[in-house]
*Asks:* 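Dropping a structure here in structure tokens format, bear with me for questions.
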Amino acid sequence: MSKNQEAASLKAGDHLILVDGSTFIFRAYFQASTMDAKYQKRKSDGLPTGAVQIFCNMLWKLLQEGLTPEPGDEPTHMAVIFDHSAKTFRNEIYNEYKAQRPEPPQDLIPQFGLIRDATRAFSVHCIEQEGFEADDIIATYATQAAKAGARVTIASGDKDLMQLVGPHVGMIDTMKNKIIGEPEVYEKFGVGPDKVIEVQSLAGDSVDNVPGVPGIGLKTAAQLINEFGDLETLLANASSIKQPKRRENLIEFAEQARISKQLVTLKCDVPVELPVAALAVEDMNGPRAIAFLKAMEFNTLTRRVAEATGAEISAIEPAELVVRGWHEPDGKGRIMEGAPASDPADPPAEPNKASLAADPASAGEWTAADLAAARAEAARAAKVDNSAYETVRDMERLRAWIEDAFETGHVAVDTETTSLDAMQADLVGISLATAPGKACYIPLGHVDGEGDLLGGGGLVEGQIPLKDALDALKPMLEDRSVLKIAQNLKYDWLVFHRYGIDVAPYDDTMLLSYTLDAGKGGNGMDELSERWLGHTPIPFKEVAGSGKSMITFDKVTIDKATAYAAEDADVTLRLWRVLKPRLAAEHMAAVYEVLERPLVPVLARMEQRGISIDRQMLSRLSGEFAQGMARLEAEIHELAGKPFNIGSPKQLGDILFGEMGLPGGKKTKTGAWSTSASVLDDLAAEGHELPARIVDWRQLSKLKSTYSDALPGYLNPQTGRVHTSYSLASTTTGRLSSSEPNLQNIPVRTEEGRKIRKAFVAEKGHKLVSADYSQIELRVLAHMADIPQLRKAFEDGLDIHAMTASEMFGVPVKDMDPMVRRRAKAINFGIIYGISAFGLAAQLGISRGEASDYIKTYFERFPGIRDYMDATKKFVHEHGYVQTIFGRKAHYPEVNTSNPNLRSFYERAAINAPIQGSAADIIRRAMIRMEDRLERAKLSARMLLQVHDELIFEVPEAEVDRTIPVVREVMEKAAEPAVDLAVPLQVDARAAANWDEAH
DNA sequence: CCTGCCCCATA
DNA sequence: GTATGGGGCAGGA
């Protein structure tokens with residue numbers, strides 16, 4: 001209930017306080033920096049909070065007593081106004097405006113977001129609007145309120161706002177505790193508030209880079225304005241000025257003065273999103289404010305707020321906050337670019353761990369690992385009861401759940417839809433969970449499954465209209481003070497985005513699990529539930545069936561849907577409680593925050609954009625391939641002496657090695673003849689024709705079935721484009737994977753295959769730009785293993801395989817035999833793959849002994865590589881995991897198996913993972929930074945695809961030349977500043993109408 | 001109808 | 001020798 005809820009209005013006698021958040025942040029920061037160091041950082045982890053603390057104290061004071069301690073002065077309406085971004089309409093007028101602003105100090109950056117969080121935590125409106133400065137919004141609100149007869153106080157020290165002072169409008173400089181009225185304005189500018197802009201347009205402002213007129217300062221400007229009345233009159237009479245220099249300047253820089261006036265004139269008619277009446281002060285939500293203050297560790301203010309609101313401090317958990325832009329050394333010399341603000345190292349009391357939590361005073365001695373262990377134990381002990389969930393059928397109950405989410409500060413969310421494809425999924429219902437066991441399902445689109453023949457399919461009774469529910473949920477789903485928790489958030493993000501909702505901030509339990517446990521098993525919800533909760537969730541097929549008889553979720557009865565869907569939210573929340581504290585305990589927060597979490601919306605947007613394919617071209621190709629196959633088929637049957645199914649390896653093996661009696665080489669692991677390409681190639685090399693034709697046939701068959709036939713089936717009817725789905729959590733190394741369709745294995749090696757690639761095209765007026773890292777894995781290896789020759793070769797831009805050959809075989813690079821280079825290349829790849837004589841022999845078609853000799857020679861030339869490999873093997877056997885240069889872990893729990901083949905396999909995988917994984921981390925970093933960098937360069941390039949070491953963009957033709965350098969810069973610098981690579985990264989980029997020519 | 005196997009496309 | 005996803009076949013349900 002708001003104090004003014006009965007009248008969401010603003011009238012004479014009301015008091016509106018408008019806090020200028022943006023300038024306040026800077027001034028609070030500098031004031032904090034003059035204080036004792038202990039007031040500038042959060043004690044538990046060093047998060048800089050000085051400015052936030054000063055801000056909170058100021059806000060609390062204003063809310064309690066207004067400008068003066070006198071009763072009746074406290075505000076009836078209040079808001080804190082921020083600048084949305086650096087760009088405003090003023091830059092359109094004068095592009096140098098505020099161009100000289102330096103970058104904010106490093107330890108201020110994380111506090112920008114926290115101050116906004118603080119505002120909301122105090123239940124005060126937090127206002128910012130794209131394209132407008134805070135000053136303009138303040139001017140608009142002040143003008144409207146003054147017109148309504150209310151009293152307005154602007155809390156700011158910014159002289160630009162002094163033009164607003166008037167009978168109804170005052171200012172207070174809260175930093176200096178100074179009240180500014182008309183006399184003070186006169187003192188500062190030498191004119192009244194109504195003439196302030198005239199003076200400023202002449203005098204200019206070096207801080208904001210407002211030019212003014214050269215040679216005219218505040219004093220002269222005031223004198224001139226007092227004499228002539230306003231700028232235009234002055235300029236019209238400039239020729240009558242006595243002082244020659246001043247006269248010349250006024251004439252020469254008249255236009256500059258007019259521009260300056262536009263710059264300093266505040267806009268009083270911003271189309272504000274919230275009407276001024278809606279800024280009414282609400283009763284403070286004590287627990288919410290306390291949760292925030294506790295997270296910040298502002299103990300004194302926490303106590304004061306608790307006393308004033310009657311809230312119980314110990315019953316409230318610190319808020320889970322997301323901090324942007326915080327660089328914290330995490331103990332391993334790596335850099336944190338963002339971090340969870342709630343520090344589980346200072347955990348709340350855990351009711352399930354009585355022995356540890358009995359004395360709240362001892363809570364401070366908990367370690368993050370204690371909390372994680374207690375949470376894991378509690379999660380396993382608690383039972384999941386999926387019959388106890390609520391079905392939310394009216395707005396009243398929905399609002400209660402939303403309120404609960406605001407109170408708790410976090411909520412697990414899950415969407416139920418009509419499709420597994422997020423791009424085509426319509427919302428059927430939403431489930432929420434705010435505490436273990438406390439979950440609900442909100443049915444929104446369930447239809448009558450009966451009477452399919454007679455139409456049926458009408459909405460079932462007892463559901464909130466979709467729009468009403470989304471309107472109510474949107475503010476909570478977008479509110480920075482409520483952490484949304486989902487399992488595989490990318491899916492729900494895409495669904496919500498289609499309905500105009502931008503979910504933030506968020507956590508993803510799938511990514512938490514992936515960050516912590518990659519390689520230990522799957523990260524799907526059902527599997528995690530088994531692993532951590534000892535609970536089997538209701539299988540999807542139990543509610544919707546499977547196979548041909550599967551029904552879409554909108555046909556599921558609401559009772560069944562509630563048990564299934566609310567359970568998902570409940571389980572997700574429980575998993576989050578187990579996994580989140582482990583991030584801090586196991587020092588993996590940096591990996592999660594820097595490499596995992598930020599990628600979710602980036603990938604979601606890439607999926608959403610999709611890519612154009614030329615359907616006619618593919619259809620024509622299918623025809624070509626079919627013809628070729630038919631021709632080959634006849635030939636093959638002729639050669640075989642009888643018809644058989646060429647696509648059947650079993651039948652083919654029987655023909656080749658049985659009936660024809662060719663020398664069968666390898667067997668598969670089930671004992672069947674191998675008919676793999678390498679076997680057939682060997683036979684062909686001996687002059688046998690049939691195997692050669694089979695290889696040709698197989699190629700066409702693959703291209704046709706996997707690509708030219710299948711791809712058009714993935715065209716989205718709405719967008720006319722193909723939208724792949726990226727998986728963030730299905731590789732052990734940190735690579736992404738792509739499916740439905742897989743656009744990471746589009747052919748490129750053969751001429752025929754590249755025809756498929758040509759069918760990926762840019763839309764009209766655009767080009768596809770492909771940018772790929774050159775030899776990134778070998779560069780990463782050169783860095784990690786610290787190999788001087790390799791480092792030098794990359795620094796000098798040499799042909800790395802030729803250099804390797806030269807080192808190994810003692811031949812000059814110039815006029816090198818291509819076969820020699822090819823051998824070296826195979827060895828280089830072999831190294832990355834954890835080389836074995838067996839594998840290298842197979843690759844090069846040489847004997848095991850020869851391959852062994854090569855490897856031996858290689859290690860003699862590059863002893864650092866052998867050292868690196870031995871060290872990696874030792875490490876994985878001791879720890880069960882290996883790490884990338886950014887700290888990502890890949891686990892190999894079975895590496896100590898007694899099975900020697902398996903053991904070697906895991907060892908090779910463990911050697912490969914840091915190399916492949918570090919390269920994957922680098923491109924992830926590039927992708928995360930890319931969109932912002934393009935936007936800041938005012939480029940409209942859209943990132944569409946990632947293929948491990950390559951990014952594909954769609955770029956307007958006119959922007960291609962400006963886009964490529966930006967893309968290259970972001971990619972080449974992607975490791976910085978976290979890692980200073982000892983070798984340069986090189987990116988090759990090209991533009992063309994289709995993917996083949998761009999690549 | 002589902003699953004394992006074989007083969008093959010990519011980095 | 002590393003990491004994936006997917007199509008077709010064949011066998012067991």
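Residue numbering restarts at 1 for every chain, and letters A, B, ... go by the order of the sequence lines. As a basis for the values below, the full set of heavy atoms in this structure was taken, side chains included, without hydrogen atoms, waters or symmetry mates.
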*Asks:* Answer yes or no: is there an ion pair linking A:Asp996 with A:Lys758, defined by an N-O contact shorter than 4.0 Å?
*Replies:*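 Salt bridge present between A:Asp996 and A:Lys758.
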
*Asks:* Counting the atoms with a prime plus P, OP1 and OP2 as sugar-phosphate, which does A:Ile832 contact under 4.0 Å by heavy atoms, base, sugar-phosphate, or nothing?
*Replies:*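 Nothing, no nucleic acid heavy atom in range.
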
*Asks:* So if I define the base as every atom that isn't primed, P, OP1 or OP2, how would nucleotides 6-11 of chain B read as a B/S/- string at a heavy-atom cutoff under 4.0 Å?
*Replies:* SSBBBB

*Asks:* Is A:Ser701 touching bases, backbone alone, or none of the nucleic acid, heavy atoms closer than 4.0 Å?
*Replies:*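 If one applies the 4.0 Å heavy-atom cut-off, A:Ser701 turns out to touch nothing in the nucleic acid.
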
*Asks:* Between A:Lys856 and A:Asp853, is the closest basic N to carboxylate O distance under 4.0 Å?
*Replies:*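 Looking at A:Asp853 and A:Lys856, the cut-off is not met.
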
*Asks:* Please state whether the rings of A:Tyr881 and A:Phe875 are parallel, tilted or perpendicular, taking 30° and 60° as the class boundaries.
*Replies:*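 Geometry flag for A:Phe875 against A:Tyr881: perpendicular rings.
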
*Asks:* Please give, in whole Å, the distance from C:dA3 P to A:Ile923 CD1?
*Replies:*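 Rounding to the nearest Å, CD1 of A:Ile923 and P of C:dA3 are 19 Å apart.
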
*Asks:* Base, sugar-phosphate or nothing for A:Gly830? Non-hydrogen atoms, less than 4.0 Å.
*Replies:*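 Counting heavy atoms under 4.0 Å across all strands, the contact made by A:Gly830 includes a base.
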
*Asks:* Are the side chains of A:Ile922 and A:Ile776 in contact, using a 4.5 Å heavy-atom criterion?
*Replies:*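 Side chain of A:Ile776 against side chain of A:Ile922, heavy atoms only: contact under 4.5 Å found.
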
*Asks:* Hey, is the side chain of A:Ser648 poking within less than 4.0 Å of OP1 or OP2 on C:dA10, counting only N and O atoms?
*Replies:*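 True: A:Ser648 side-chain N/O within range (under 4.0 Å) of C:dA10 OP1/OP2.
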
*Asks:* Mind checking A:Ala826 for me? I need base, sugar-phosphate or nothing, with any heavy atom below 4.0 Å counting as a touch.
*Replies:*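 If one applies the 4.0 Å heavy-atom cut-off, A:Ala826 turns out to touch a base.
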
*Asks:* Let me have the donor-acceptor pairs involving side chains of residues 838-845 of chain A, under 3.5 Å, with sequence neighbours excluded, atom names and distances please.
*Replies:*
none

*Asks:* How close do A:Ser918 and A:Met784 get, counting heavy atoms only, and between which atoms?
*Replies:*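 That closest heavy-atom pairing would be OG-SD, 4.0 Å.
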
*Asks:* Classify the nucleic acid contact of A:Thr732 as base, sugar-phosphate or nothing, counting any heavy atom under 4.0 Å across all strands shown.
*Replies:*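 Touches sugar-phosphate only.
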
*Asks:* If only side-chain N and O atoms of A:Ser730 are considered, is one of them under 4.0 Å from the OP1 or OP2 phosphate oxygen of C:dG5?
*Replies:*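 For C:dG5, OP1/OP2 do have a side-chain N/O of A:Ser730 under 4.0 Å.
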
*Asks:* Just to be sure I understand the rule, does A:Gln651 reach a base, reach only the sugar-phosphate, or reach nothing, if contact means heavy atoms closer than 4.0 Å?
*Replies:*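 Sugar-phosphate contact only - A:Gln651 comes under 4.0 Å of backbone atoms but never of a base.
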
*Asks:* Have a look at A:Ser904 and say if it touches a base, only the backbone sugar-phosphate, or nothing, with a 4.0 Å heavy-atom cut-off.
*Replies:*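 Nothing: the residue A:Ser904, judged by heavy atoms under 4.0 Å, touches no strand.
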
*Asks:* Let's see if you can work this out: which of C:dG7, C:dA3, C:dT4 has an atom nearest to the side-chain heavy atoms of A:Ser737?
*Replies:*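 Within the option list, the nearest is C:dT4.
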
*Asks:* Distance check needed: C:dG1 P versus A:Lys825 NZ, whole Å only.
*Replies:*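 Distance check: A:Lys825 NZ to C:dG1 P gives 19 Å.
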
*Asks:* Counting only side-chain nitrogens and oxygens, does A:Asn645 get under 4.0 Å of the OP1 or OP2 atom of C:dC9?
*Replies:*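 Checking C:dC9 against A:Asn645, a side-chain N or O does come within under 4.0 Å of OP1 or OP2.
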
*Asks:* Angle between ring planes, A:Phe809 versus A:Tyr854, binned at 30° and 60°: parallel, tilted or perpendicular?
*Replies:*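 Plane angle over 60°, so perpendicular.
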
